[in-house]
4 protein chains.
Amino acid sequence: MNGTTNKVLLIGNLGDDLKLHHFDEQNCIGRFPIATTESYISRTGERITETEWHNIVTRNKLAELCDRYLKKGDKVFVEGRIKTRKWDDNGQTRYTTEIVANSIEFLTPKVENEHRQNTQSDQNKTNQSQNTTVVDPPFLAEGEDDLPF
Amino acid sequence: MNGTTNKVLLIGNLGDDLKLHHFDEQNCIGRFPIATTESYISRTGERITETEWHNIVTRNKLAELCDRYLKKGDKVFVEGRIKTRKWDDNGQTRYTTEIVANSIEFLTPKVENEHRQNTQSDQNKTNQSQNTTVVDPPFLAEGEDDLPF
Amino acid sequence: MNGTTNKVLLIGNLGDDLKLHHFDEQNCIGRFPIATTESYISRTGERITETEWHNIVTRNKLAELCDRYLKKGDKVFVEGRIKTRKWDDNGQTRYTTEIVANSIEFLTPKVENEHRQNTQSDQNKTNQSQNTTVVDPPFLAEGEDDLPF
Amino acid sequence: MNGTTNKVLLIGNLGDDLKLHHFDEQNCIGRFPIATTESYISRTGERITETEWHNIVTRNKLAELCDRYLKKGDKVFVEGRIKTRKWDDNGQTRYTTEIVANSIEFLTPKVENEHRQNTQSDQNKTNQSQNTTVVDPPFLAEGEDDLPF
DNA sequence: TTTT
DNA sequence: TTTT
């Protein structure tokens, strides 16, 4: 547009299940945190591990797919952009930085029959894994339209 | 290390000159803001332009190079990682998100003799551009050691 | 989709003008080479500079924009994917690797009135630069529809 | 360095085991292919799946780590740069494009005791998976020095 | 030649 | 709050 770019690429694990908020039949927003960790040897010779937390924001179809297929602990690849939001904290302006996802790849191999059905209740979200056939999760970039919901 | 990645790629313009802070002879930290802008057509048909500000943090040789060659308005390509810092605001914990740069490319073509000398005062930082030969700016990734300072 | 990603990010200079090929009124393809250079100090202490050439492929509106606004020597940021094409060389199968662009940012500042008009002939493609007001070049990602041609 | 960048980010699966070539005690090179797949709905309404093959090149410690921990079918995240090599094909100059890896993340969860030992023969490279404790593979960027070999 |  |  104007010779600028704002691009973020993260591979990390969900620290919690996605929270989905529906505005109406068509529009929803989903949020979940992911952790990335960095490890290095300090000047004094000890191994330091630093964890960074990222707030992922996703919308509409992509949000619904994530809600259906992702759960706490899963690994994802997120491609998106940095967005800092203003909010009012009792009269004080605060800022929160989020990652608005353009696409999300599901990197944790899924065990068949483990996928949540639309009609299942949330308690099925925990990992039961009675069966062992590993299958690929689907994927949907924002704006695509070819998945059945 | 652990199957995670935290990578940011930004192309934007400096909203202000770099602020350099020296800890000692060897170690310093530089900070500057860059803006990225996104433009799109809204549902109601108007063009929306959104500007995002990013706080860039750079250290040591790379910070000194940026201090010497970059000024407000210049365009850069920053490759780095997201880091959210905690700080104490009168007893309240606040968070600030920064981009820690691994490498910075200078994208604004330089006009010869315009480069600041170490001995020049800051008022020379404004763009005078009497001469017109375009030269390549130098570049240094963190950890490299082959530039003469 | 399937837990894979193929992403390329290049900043480089056009080694030649774009070649545009129209299939019909709607569809066209544009190609141009860009160079990236890497510089490092070898084990024997000399500075080595290596240039890499990348064949950029772009389609339809984005190709037309590039054809109109880019020329040899200009700097661009290309975001795309790697694609290796098979072709027949007198009965032998050969392979050519190209970068299929999703988006292209124009990083060379433009001087006003320098932009080529549709009705201008190609000899106007050389840089005349009589005027000096720097303006922002436009940008269009593949699939966008809001620019006037 | 000069305002250019050559960056590739791939997530894909190994189509074959790594081939390691030792030049001497210190220096070696490893090569392996990875596949990325793209899927989309064509104009005629059918789902098209396209596979792209990438030749990954890695050196020294990173190559040895990959040789030890990766095998055909595993998923990796590769960050590197595009490099096109010339070679002589009976007097004709041919070109091969490779991805020179700067860092590789191992994304396939490992089952404990499955890791190959230095003293194991290659036939142990096939996936036996008698045990079930999932452990993280190590990771080493080129130039790091903190792993025990 | 991979993966789903 | 994740993951190894």
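Each chain gets a letter, A, B and so on, in the order its sequence line appears, and its residues count up from 1.
- Judged by distance alone with a 3.5 Å cut-off, no donor-acceptor contact links the side chain of Thr36(D) to the base of dT3(E).
- One can place CD1 of Ile56(D) at 16 Å from P of dT2(E), the figure rounded to the nearest angstrom.
- Checked against dT3(F), dT1(E), dT1(F), the side chain of Thr37(A) finds its nearest nucleotide in dT3(F).
- Straight-line distance from the CZ atom of Phe77(A) to the C1' atom of dT2(F): 18 Å, rounded to whole Å.
- Residues forming a side-chain hydrogen bond (donor to acceptor under 3.5 Å, both in side chains) with Lys72(A) (at least two apart in sequence, or on another chain): none.
- Distance Leu107(D) CG to dT2(F) P: 20 Å, rounded to the nearest Å.
- Here dT3(F) presents its P atom at 9 Å from CG of Asp74(A), a figure rounded to the nearest Å.
- dT3(F) atom P lies 19 Å from atom NZ of Lys75(D), rounded to whole Å.
- In this structure, Leu10(A) places its CG atom 21 Å from P of dT1(F), rounding to the nearest Å.
- Rounded to the nearest 0.5 angstrom, Arg59(D) CZ and Leu20(D) CG are separated by 12.0 Å.
- Residues passing the side-chain hydrogen bond (donor to acceptor under 3.5 Å, both in side chains) test with Ser42(D), sequence neighbours excluded: Thr44(D).
- A salt bridge does not link Arg81(C) to Glu52(D): none of the charged nitrogens lies less than 4.0 Å from a carboxylate oxygen.
- Residue Leu14(A) is classed as a sugar-phosphate contact, given heavy-atom separations below 4.0 Å to backbone atoms only.
- Here dT2(F) presents its P atom at 20 Å from CD of Glu105(D), a figure rounded to the nearest Å.
- No more than 12 heavy atoms of other residues, nucleotides or ligands shown are found within 6.0 angstrom of CG on Asn90(A).
- Remark: ring of Trp53(A) does not overlap the six-membered base ring of dT2(F) in a stacked fashion, as centroids less than 5.5 Å apart with planes less than 30° apart are not both met.
- For Asn13(A), whose side chain is taken as the heavy atoms from C-beta onward, the closest listed nucleotide among dT1(E), dT3(F), dT1(F) is dT3(F).
- In this entry the distance linking CG of Asn2(B) with P of dT3(F) reads 12 Å, nearest Å.
- Candidate nucleotides dT2(F), dT2(E), dT1(E) were compared by shortest atom distance to the side chain of Pro33(D), and dT1(E) ranks first.
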